[in-house]
Amino acid sequence: MTDLISNFSLGLSVAFTPTNILFLLIGVCVGMVVGAFPGFGPAAGIAILLPVTFGMDPTAAIIMLAGIYYGSMYGGSITSILINTPGEAATVASMLDGYPLARKGRAGPALVMHAIASFVGGTIGVILICALAPWLASVAATFGPSEYFLIITMGIMLLTVMMGEDKIKGIMSALFGFAIAMVGVDVMSGMQRFTFGSPELIGGIDFVAVAIGLFGIGELLYCVYTGLHKEKDEDKIKVPFLGKGFWPNKDDLSTTKFTMFRGSILGFIAGVLPGSGATLGSIMGYSIEKKISKRSDNFGKGEMAGLVAPEAANNAASSGAMVPLLSLGIPGSGATAVLLGAFMIWGLQPGPQLMTANPDFAWGVIMSMYLGNVVLVIMSIVAIPLIVKVLDIPYRILIPIIVVLCVVGTFSYHGSIIETWILIFSGVLGFFMKLYGYSPAAVVLALVLGPMAENGLLQSVITSGGNPATLLSRPATAILFSVILLIVFVPIVIKLLKYFNKNKKAAATPNEFYDDQSG
């Protein structure tokens, strides 16, 4: 308990400096706007603004980028409630009851309760980070190269198999990311790999150009393709700002007080698991709340609990996703993969050593998340009219500005024209990947983790004298390998069982019909 209090004090002393508070405010403001614009999301926002942080103090830079991450969770629900359009995938569940509430003339209470639920979810998430991250880091401190290789493999497998209906496309996306990560110099032989004679590729393909292209340019192209850039003349719901009908009533608060807690716990668990994240957490929160609610018939028609549950879940999930990132160095989503790359730019290796070697940085970032949630709950209520005005900016103006930021930011990082071409190629590739159901997040995740996985595997094999059985020589590695096998084979077994059951029923149907006729 004493260590926890001292860590809290250290984190607050770091986060409460004027510079860090300033960049925290910038991050959460940008995050709210990025989250509110349909078609964008935290990964795109972080990737686009990553070049802006070059040359900044590492702590201030990560605090700002983390603010964009969880700030977008707040902003993404505003359009879900007001115009029935989710800012990102994690806020889809908020539309189900948020928009019906707004149509009933309760847009004000819906926005206020969304802010309160988001604050509760984020706060519970930060508390759980403080409790779990140091413990997990101490366990991970005993890990060797073999354990890290298997953990990275497990994280990528979890992400790819939970990407959606087509698992093959998720796995292919990750393999493509690994292929990009192989460009450069072989650490064993010192020979160049896939550089095509270009000296600029000897150091490998930097994740910055790829991430900005896939998430920035690719998302913009997809927005244009789907017609989101077109201005729409639709009747927008008016919000009575701070007046009568703006604040929630006693029934709203009394019926959702336990809903916030349940949604927060579910969301945090989903966030900790690589590959699940805020989208799964918000859907789980909504589904479970609907099942246990005494007013389940009202869900989908404007039930406040149906809005509060996914809101608490998706904000707690954003905190939960920071646990494996900080304690193990394993990102669980596209946004945290970009954050991991940002850590590496400043020479910071997330993992068990981060909490001990850079405690001021680690705890400063964690406590800034709590301060950010305090700022966001105030902004979500007070700045609603301003955010609604920002949403009126047409995409025909917004898109060229963002493209210029992406190109200039990428070129300014290393001054490399090849990386600028990689940016453009990645943007076009990101568009087609999203169009055909592939996963840009899996590509970035594999690109960031690929070199780490390769180094872990090579170190394990070299120290064992070339014996691959070293991957199973310790209890921890045997457990991790078993989990990987379960991740791979359990979905296959389930599909086979469904297939055989279907064929069995199909084969039984004619016989039953024949028996009926003969009887």
Side-chain angles (χ1 to χ4, degrees), residues 73-125 236-271 276-320 373 376-377 380-381 384:
M73 298 298 175
Y74 279 74
S77 299
I78 294 174
T79 50
S80 294
I81 295 169
L82 295 182
I83 60 175
N84 203 33
T85 303
E88 55 152 344
T91 61
V92 170
S94 300
M95 292 191 312
L96 301 177
D97 281 280
Y99 186 65
L101 280 166
R103 297 295 298 175
K104 288 181 178 180
R106 306 204 67 214
L111 289 169
V112 174
M113 288 300 296
H114 132 260
I116 295 172
S118 298
F119 173 74
V120 171
T123 301
I124 291 176
K236 293 189 177 180
I237 295 171
K238 295 182 179 179
V239 183
F241 180 61
L242 299 181
K244 185 179 179 181
F246 180 78
W247 300 103
N249 54 40
K250 292 182 179 179
D251 183 62
D252 294 330
L253 296 169
S254 63
T255 57
T256 58
K257 56 185 177 183
F258 296 114
T259 300
M260 296 182 193
F261 180 78
R262 285 190 293 267
S264 300
I265 299 299
L266 284 170
F268 184 84
I269 294 171
S276 52
T279 302
L280 179 62
S282 62
I283 294 172
M284 286 173 55
Y286 183 87
S287 301
I288 291 177
E289 196 61 35
K290 183 178 180 180
K291 288 180 180 178
I292 66 176
S293 176
K294 296 178 181 178
R295 303 160 68 169
S296 59
D297 292 342
N298 292 334
F299 276 64
K301 302 175 184 177
E303 177 63 32
M304 191 62 75
L307 171 65
V308 167
E311 282 304 307
N314 67 34
N315 283 273
S318 66
S319 299
N373 275 285
L376 280 165
V377 73
S380 294
I381 297 173
I384 286 171

Undergrad: Is Asp251 paired with Arg295 through a side-chain N to carboxylate O contact shorter than 4.0 Å?
TA: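 The answer is yes: the pair qualifies as a salt bridge.
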Undergrad: For Pro109 versus Pro248, what's the shortest heavy-atom pair and its separation?
TA: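 Looks like CB-CA, 3.9 Å.
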Undergrad: As an exercise, state the distance from CD1 of Ile265 to CD1 of Ile288, rounded to the nearest 0.5 Å.
TA: 12.0 Å
Undergrad: Which heavy atom of Gly306 sits nearest to which heavy atom of Phe299, and what is that distance?
TA: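 Minimum heavy-atom contact is CA-CE2, 3.6 Å.
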Undergrad: Between Ser293 (side chain) and Lys290 (backbone), is there a donor-acceptor pair under 3.5 Å?
TA: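 The answer is no, because no donor-acceptor pair under 3.5 Å joins these two groups.
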Undergrad: Please round to the nearest 0.5 Å and tell me the distance separating atom OG1 of Thr259 and atom CD of Glu303.
TA: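 The CD atom of Glu303 is 8.5 Å from OG1 of Thr259, to the nearest 0.5 Å.
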Undergrad: How close do Ser264 and Ala316 get, heavy atom to heavy atom, and via which atoms?
TA: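 The answer is O-CB, 3.1 Å.
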Undergrad: Are any of the side-chain heavy atoms of Arg262 and Ile292 separated by less than 4.5 Å?
TA: yes
Undergrad: Could you pull out the closest heavy-atom pair between Ala309 and Glu289, with the gap in Å?
TA: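 Nearest heavy atoms, Ala309 then Glu289: CB-CB, 3.9 Å.
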Undergrad: Is the closest side-chain heavy-atom distance between Phe261 and Ile124 below 4.5 Å?
TA: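 Result yes, sub-4.5 Å side-chain heavy-atom pair found.
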Undergrad: If you take all heavy atoms of Gly302 and Pro100, which pair is closest and at what distance?
TA: N-CB, 3.5 Å
Undergrad: Mind checking the CD-CE spacing from Glu311 to Met304? Nearest 0.5 Å is all I need.
TA: 11.5 Å
Undergrad: Stepwise, does the side-chain hydrogen bond (donor to acceptor under 3.5 Å, both in side chains) test hold for Ser118 with Asn315?
TA: CA-CA 6 Å; Ser118 298; Asn315 283 273; 3.0 Å; yes
Undergrad: Looking at Leu307 and Ala110, what are the two nearest heavy atoms and their distance?
TA: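 Nearest pair, atom of Leu307 first, then Ala110: CD2-O, 3.4 Å.
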Undergrad: Under 4.5 Å between any side-chain heavy atoms of Asn249 and Arg106, yes or no?
TA: yes
